[in-house]
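To keep things clear, I will list the structure first and then write my remarks on it.
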Amino acid sequence: MMIKKFSCVQGCSDCCIYREYYPSIEYGKIGVLLLPEEKTAIKKLAKKMSVQVKIIPRLAVGKEFPEKVIAYQMMGKNDDGDLCPFLDVESGERSPHGGFNCRIYPERPLACRAYPVIDAGSTATVATLDGHCQFCKKFSTTRAENSCLQQEVEALVRIKANVTAGKSKVWRYATATGRAGGDAMLPEGWVAES
Ligand code: SF4
Ligand code: SF4
């Protein structure tokens, strides 16, 4: 199989704008994944730049209740959960590939550096490429060359090892963000996954 070299599609900023309902609509839309140490750094940056951020838990482990939060998420700033608060959609400046600029690009979270590499959601496969990424759609691929890929895959292995360590359950936080359809409200709070 031929492997295509990864590069962003001209003018695209989709992964900084659109958020998904994950793992299903009842959980609401997710934000940008933050490791616990990144949460503190992102809060500091936001304060320094006077950017409003909403950071809520994403994953926790614990037997009877979520005892330890192992990942957080930075929510989109729009009511529907989209649009990263650090994406510069106002100044008119553009990134080298013609998308909007990330105001914290050199210090962006690991999940942003790794994207479109994402957790494959199974223990057999550590990581895959997100089919929502415009590059993956354009080339109908889930594989790509990326010089940083190894580092990111290793980081995902670390996160996954945390999640699967011990006999704890994994708890996922439902964000109550987005539209449930009709007037129904999406729920908010922890849900035990395993
Ligand atoms: S969705 Fe894919 S192609 Fe578009 S900006 Fe994000 S990584 Fe690049
Ligand atoms: S932090 Fe930067 S790279 Fe990450 S989603 Fe926000 S704007 Fe995009």
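We count ligands from 1, going down the list as the structure has it; atoms in each ligand are counted the same way. Keep in mind that what you see is a predicted model, and the values were worked out from it rather than measured.
- Only side-chain heavy atoms of Phe6 come within less than 4.0 Å of ligand 1; its backbone N, CA, C and O stay farther off.
- Shown in contact with Phe135 at under 4.0 Å from a heavy atom are these atoms of ligand 1, numbered in order with element: 3 (S).
- Looking at Gln73 and Val32, their side chains never come closer than 4.5 Å, going by heavy atoms from C-beta outward.
- In this structure, His97 contributes its side chain and Gly11 its backbone to no donor-acceptor pair below 3.5 Å.
- A donor-acceptor pair is defined here as one N or O able to donate and one able to accept, closer than 3.5 Å; such a pair exists between the side chain of Arg58 and the backbone of Gly31.
- What sits closest to atom 8 (Fe) of ligand 1 on the protein, heavy atoms only, is Cys8 SG, 2.4 Å.
- You'll find the ring centres of Tyr27 and Tyr21 outside the 6.0 Å limit.
- In summary, the atoms of ligand 1 found under 4.0 Å from a heavy atom of Gln134, numbered by their order in the structure, are 1 (S), 2 (Fe).
- In the vicinity of Cys133, heavy-atom distances shorter than 4.0 Å reach the ligand 1 atoms 1 (S), 2 (Fe), 3 (S), 7 (S).
- Summarising the geometry of Tyr115 relative to Asp130, their closest heavy-atom pair is OH-OD2, 3.0 Å, with the distance given to 0.1 Å.
- Per-residue contacts place Val9 under 4.0 angstrom from the following atoms of ligand 1 (heavy atoms of the residue considered): 3 (S).
- Here the protein contributes Cys112 SG as N, O or S atoms under 2.8 Å from atom 4 (Fe) of ligand 2.
- For the residue pair Glu188 and Tyr173, a side-chain donor N or O sits within less than 3.5 Å of a side-chain acceptor on the partner.
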Pairs under 3.5 angstrom only: tabulate donor-acceptor contacts from the side chains of residues 101-110 to other protein residues two or more places apart or in another chain.
unit_1: Asn101; atom_1: OD1; unit_2: Ser95; atom_2: N; d: 3.4
unit_1: Arg103; atom_1: NH1; unit_2: Pro85; atom_2: O; d: 3.3
unit_1: Arg103; atom_1: NH2; unit_2: Glu90; atom_2: OE1; d: 2.6
unit_1: Tyr105; atom_1: OH; unit_2: Arg108; atom_2: NH2; d: 3.4
unit_1: Arg108; atom_1: NH1; unit_2: Tyr105; atom_2: O; d: 2.8

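- Atom 4 (Fe) of ligand 1 has Cys12 among its coordinating residues (N/O/S atom, backbone or side chain, under 2.8 Å).
- If you run side-chain hydrogen bond (donor to acceptor under 3.5 Å, both in side chains) between Lys29 and each of Thr175, Asp82, Thr177, only Asp82 comes through.
- The CG atom of Leu87 sits 6.5 Å away from the CZ atom of Phe100 when rounded to the nearest 0.5 Å.
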